[in-house]
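We use all heavy atoms of the structure for the numbers below, so side chains are in, but hydrogens, waters and symmetry mates are not. Small disclaimer: the values here were computed from a predicted structure and weren't measured. In this chain, numbering begins with 1 at the start of the sequence shown. Counting starts at 1 for both ligands and their atoms, following the listed order.
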Amino acid sequence: MQVRLEHVTKIFPGRDRKNPKDVYAVDDFNFDIPDGKLIGLLGPSGCGKSTTLNLICGLLKPTSGHIWFGDDDVTELPPEARGVGLVFQNYALYPHLTVRQNVIFPLQNLRGDQKLTKEVMNARAEEAARLVQIDGLMDRKPSELSGGQQQRVAIARALVKTPKVLLLDEPLSNLDARLRLQTREEIRRIQTETQVTTIFVTHDQEEAMSISDLIVVMKDGAVHQIGRPQDVYDDPANLFVARFLGTPPINVFKGSVKNGLLHIGDTPVLQVRMPDGETYVGVRPEGFELMTEGSDPLPEGVCPLECELTAVEVTGRDTSIVSSHPDCLAPSIRSIMDSEAASRVSGSKVRFRLKPAKVRVFDRNTESRIYDGK
Ligand code: ATP
């Protein structure tokens, strides 16, 4: 089922007497969620993710705009008439019911020509349970399950009505780190198997990037970018998106362009074809190359970026060089090198050559991206 948001806006009236400004929780959203895809709504706290999800499922009505499921305008339909399955952060299982009874519960409420026989309900519950791999736990109570298992029961309960759209609001937040990883892979597997259009809300960029076909990056009720995770990472539309995606995050410096040379502070670090102006320079952690004696010479007019060395962290797989520079917006610069790099660092300074493909340049005023390393 394709889901389409058409000029959707949700305004909450300001209740604060001192600051009675209306809150634009969702401001003129226009996007399509393709049929059968998993889409991640991603952004910091308060950006409007849950409001968007609640608008799509019908728990909230938009102030203006329309929501379409395929060719049907569902804007005025209540949640129960939209055919959506919902899973929240707190699994909200009935503690006195068994897993089987919890999963069957939504089917027992069906009335009229939707009413099902006991046999069909049981078969549907078994099928949903098998899909999320809890079929061996059907006679347990929720208190006898781990957090991850409880969340699977909640997903089975959402799937049992064969929803057209599955909505997941921070479904992994209550799980520990290992279970989060395992459960997010499970969600991807279940979605791939069922091919149900799934909308997944999270503030964790790594989570969204790892399982989504598409991500919608949001801030303050506005959509900043929509795209495939790798494309958004590689080609962020602006500084906010660039900083929001990636662990460790992108390193941002104050910079400028003068006569075809990109500068960080006073150091010309890259040849670029851009007009002169004040910029921010973003360098991904993998965009630094350590310069030592015998390194290849730099292009004409370009100098190494010299930074104050803070620490060398060896993880086994790779090396993080932590350093600082007066024009970096953050107190430390994190660069990731191969595991051999540690042996090439000596003294209190490190000198880097920047890899053009990993450098992004943003306008200092608008913060829009103006250079993509090509
Ligand atoms: P979080 O990750 O913290 O859950 P979110 O991105 O899901 O945040 P929303 O819950 O959608 O954000 O809230 C978006 C904005 O709308 C926030 O500024 C919030 O304070 C405001 N808001 C949400 N619900 C209401 C409401 N019922 N009345 C007034 N303002 C609201």
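- Protein heavy atoms come within 4.0 Å of atom 15 (C) of ligand 1.
- For ligand 1, the polar-atom distance check against Thr51 finds a nitrogen or oxygen pair separated by under 3.5 Å.
- Of the possible donor and acceptor atoms, one in the side chain of Asn102 sits under 3.5 Å from a partner among the backbone N and O of Tyr94.
- Only the side chain of Val23 comes within 4.0 Å of ligand 1, judged by heavy-atom distances.
- Atom 17 (C) of ligand 1 has as its closest protein heavy atom Gly46 O, 3.7 Å.
- Taking any N or O of Pro13, backbone or side chain, none lies under 3.5 Å from an N or O belonging to ligand 1.
- Using a 3.5 Å distance cut-off with no hydrogens or angles, the side chains of Glu170 and His203 do pair a donor with an acceptor.
- Between the side chain of Arg360 and the backbone N or O of Ile370, no donor-acceptor pair lies under 3.5 Å.
- Annotation: Phe288 is in aromatic contact with Phe352 [ring centroid separation under 6.0 Å].
- Of all atoms in ligand 1, numbered sequentially from 1 with element shown, those under 4.0 Å from a heavy atom of Ala25 are 14 (C), 15 (C), 16 (O).
- Using a 4.0 Å heavy-atom cutoff, Cys47 is listed among the residues neighbouring ligand 1.
- For atom 8 (O) of ligand 1, a protein non-hydrogen atom is found at a distance below 4.0 Å.
- The nearest protein atom to atom 3 (O) of ligand 1, hydrogens excluded, is given as Ser45 OG, 2.6 Å; this is a heavy-atom distance.
- Among protein heavy atoms, atom 2 (O) of ligand 1 sits closest to Lys49 NZ, 2.9 Å.
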Working for salt bridge (Lys or Arg N to Asp or Glu O under 4.0 Å), residues Lys61 and Glu76: CA-CA 7 Å; Lys61 273 220 179 119; Glu76 297 299 322; 3.4 Å; yes

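- Heavy-atom neighbours of Glu300 CD from other residues, nucleotides or ligands within 6.0 Å: at or below the threshold of 12.
- Among all non-hydrogen protein atoms, the one lying nearest atom 10 (O) of ligand 1 is Ser50 CB, 3.9 Å.
- Looking only at heavy atoms of the protein, atom 31 (C) of ligand 1 is closest to Phe12 CD1, 3.2 Å.
- Shown here is Gln101, whose CD atom has more than 12 heavy atoms of other residues, nucleotides or ligands within 6.0 Å.
- For the pair Glu207 and Arg184, the salt-bridge criterion is not met [side-chain N within less than 4.0 Å of a carboxylate O].
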